[in-house]
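Report on the following structure.
Predicted, not measured: the structure shown is a model, and the values here were computed from it.
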Amino acid sequence: MHQRIPAIIILALLIIGAGCTGTAPETASRTTDYPDLKTPETSLELKEYVDTSAIWALENGREEAIAAFGDPSGPFVTDDIYVYALDYSGIALALPFQPEMVGEDFMPLLDASGKPYTEIEIKLAESGGGYILYHYPYPAGDQPQKLKISYVRPVDDTYWIGAGVYTRDDLLITQKLRAFVDDAKAYALKNGRDVAIATFNNEEGDFIDGDLYIFAYEYDGTVLAWPYRPDMIGVNRLNATDPFGSHHIQAFMERAKSGGGMVDYYSVNPFTNMTDLKISYLTDVDGTWMLGCGQYIEPGQIVLRT
């Protein structure tokens, strides 16, 4: 004959058994799912790095996102690439390798070339996002300023984020772009200025290759060649500025006279009708005029680091 077990004993056994199985599901701690970020090497991968971080921030809230972005050993630091965050007045919210600068106003700061990089970044973020080239301290050693290209974008209407790749002139000036300009100079020296300028202005000529074309200036700032803007031929643009106030034409002259090289600025991309970052390679021709060619930095396979 079976004896009935009192209900109080059954209840006690259930409580003890529950304690032996570990923490109950309803009291388990939540684990944040961070994105699996890979080191970006191209312009597209850099944009994706920032876009992925912004999406995560929206899903997890501002407070948690700022804390994660500011952690130097956290999930948003990959090698020497990291996410930084500022508000639209220029106040730093997250800087994993410069925590002492959090709360500081970055708006007045200039890079080594005199560029107001935060002011430009905010304008880019307010317009939906974009690339910027500037000099910024490297997150190691004594943090010397190095050339950096960042992509920035809004998270919400209270703050924005960015991430950058430390890069080099010889990567941004691709072999194709350099060869295009060098061939144009050789053509001008062989055939003379008048023939060369006529050729450069010919939209069906040999110096139009997709979005690449040769432009040319007198050293007083007068336009000699601009195939897509024949209305500008003969116009003096020495004091012209880009949409962010940079005197890029003057920079063209200085760079060409000093042996040639790179100038970055913003221009309306005729293929997208968007204001995009443009990298131009300039060279002197014969001491009396200069020519160059530029390439827009867009989300694509432009290699930014090796």
Side-chain angles (χ1 to χ4, degrees), residues 43-44 120 123-124 127-128 130-133 149 172-257 260-286 288-302:
S43 56
L44 174 60
I120 295 173
K123 290 178 180 177
L124 291 171
S127 67
Y131 296 92
I132 180 172
L133 185 67
I149 185 166
L172 297 174
I173 301 298
T174 63
Q175 291 183 352
K176 180 178 180 180
L177 180 58
R178 186 181 298 272
F180 198 67
V181 171
D182 290 346
D183 288 347
K185 177 177 178 177
Y187 181 87
L189 291 173
K190 178 181 179 180
N191 295 278
R193 170 169 157 158
D194 292 344
V195 171
I197 290 173
T199 302
F200 299 155
N201 278 316
N202 183 2
E203 290 189 42
E204 304 300 323
D206 294 335
F207 290 95
I208 303 288
D209 184 1
D211 61 350
L212 298 182
Y213 62 88
I214 294 294
F215 56 82
Y217 284 83
E218 294 268 20
Y219 276 122
D220 68 355
T222 301
V223 179
L224 298 175
W226 192 347
Y228 294 120
R229 290 293 305 274
D231 59 306
M232 297 300 292
I233 304 302
V235 175
N236 190 293
R237 303 187 68 234
L238 185 63
N239 294 317
T241 59
D242 77 356
F244 296 125
S246 172
H247 285 85
H248 58 297
I249 307 301
Q250 294 179 15
F252 288 175
M253 310 301 164
E254 294 171 4
R255 185 65 66 187
K257 287 179 179 179
M262 181 180 75
V263 170
D264 67 283
Y265 56 105
Y266 289 88
S267 178
V268 177
N269 188 333
F271 297 94
T272 65
N273 204 34
M274 300 290 290
T275 298
D276 292 326
L277 176 64
K278 192 171 187 179
I279 305 294
S280 283
Y281 179 59
L282 296 312
T283 187
D284 173 72
V285 179
D286 60 8
T288 65
W289 61 294
M290 54 138 292
L291 59 81
C293 179
Q295 179 176 345
Y296 289 98
I297 303 298
E298 301 173 293
Q301 298 308 310
I302 301 173

*asked:* If only side-chain N and O atoms count, and only distance matters, is there a donor-acceptor pair under 3.5 Å linking R237 with Y217?
replied: yes
Exam field: side chain [X] to backbone [Y], donor-acceptor pair closer than 3.5 Å:
X    : Y    : result
R255 : M262 : yes
D211 : N269 : no
T222 : E218 : no
D242 : S246 : yes
S43  : E298 : yes

Minimum side-chain heavy-atom gap [X]-[Y] below 4.5 Å:
X    : Y    : value
M290 : F215 : yes
T283 : D182 : no
L277 : L133 : yes
L291 : Y281 : no
D220 : W289 : no
I173 : I279 : yes
V285 : R193 : no
F180 : D183 : no

*Evaluate the ring planes of F207 and F200, with Trp represented by its six-membered ring, and classify them as parallel (under 30°), tilted (30 to 60°) or perpendicular (over 60°).*
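Plane angle over 60°, so perpendicular.
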_Where N201 and A225 come nearest, the two heavy atoms and their spacing_ = OD1-CA, 3.1 Å
Partners meeting side chain to side chain contact (heavy atoms under 4.5 Å, CB included) with [X] (sequence neighbours left out):
X    : value
K278 : Y213, Y265, S267, S280, Y296
L238 : N236, Q250, M253
E203 : P227, Y228
R229 : W226, D231, M232

So, taking the atom named [atom1] in [X] and the one named [atom2] in [Y], what distance separates them when rounded to the nearest 0.5 Å?
X    : Y    : atom1 : atom2 : result
I149 : L172 : CD1   : CG    : 5.5 Å
L177 : L212 : CG    : CG    : 6.5 Å
T199 : I208 : OG1   : CD1   : 11.0 Å
N239 : I249 : CG    : CD1   : 10.5 Å
T275 : K123 : OG1   : NZ    : 11.5 Å

*With sequence neighbours excluded, what pairs up with D284 under the side chain to side chain donor-acceptor pair (under 3.5 Å) test?*
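Side chain to side chain donor-acceptor pair (under 3.5 Å) check on D284 returns Y219.
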*Considering residues at least two apart in sequence or located in another chain, which fulfil the side chain to side chain donor-acceptor pair (under 3.5 Å) criterion with N273?*
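Checked N273 against side chain to side chain donor-acceptor pair (under 3.5 Å); zero matches.
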*I would like to know whether Y266 and I132 meet side-chain contact (heavy atoms from CB on, under 4.5 Å); could you show each step before the answer?*
CA-CA 9 Å; Y266 289 88; I132 180 172; 3.5 Å; yes
*Counting only heavy atoms not in D206, do more than 12 sit closer than 6.0 Å to its CG atom?*
no
_As a quick check of understanding, evaluate side-chain contact (heavy atoms from CB on, under 4.5 Å) for I297 and I302, giving each step before the final call._
CA-CA 7 Å; I297 303 298; I302 301 173; 4.0 Å; yes
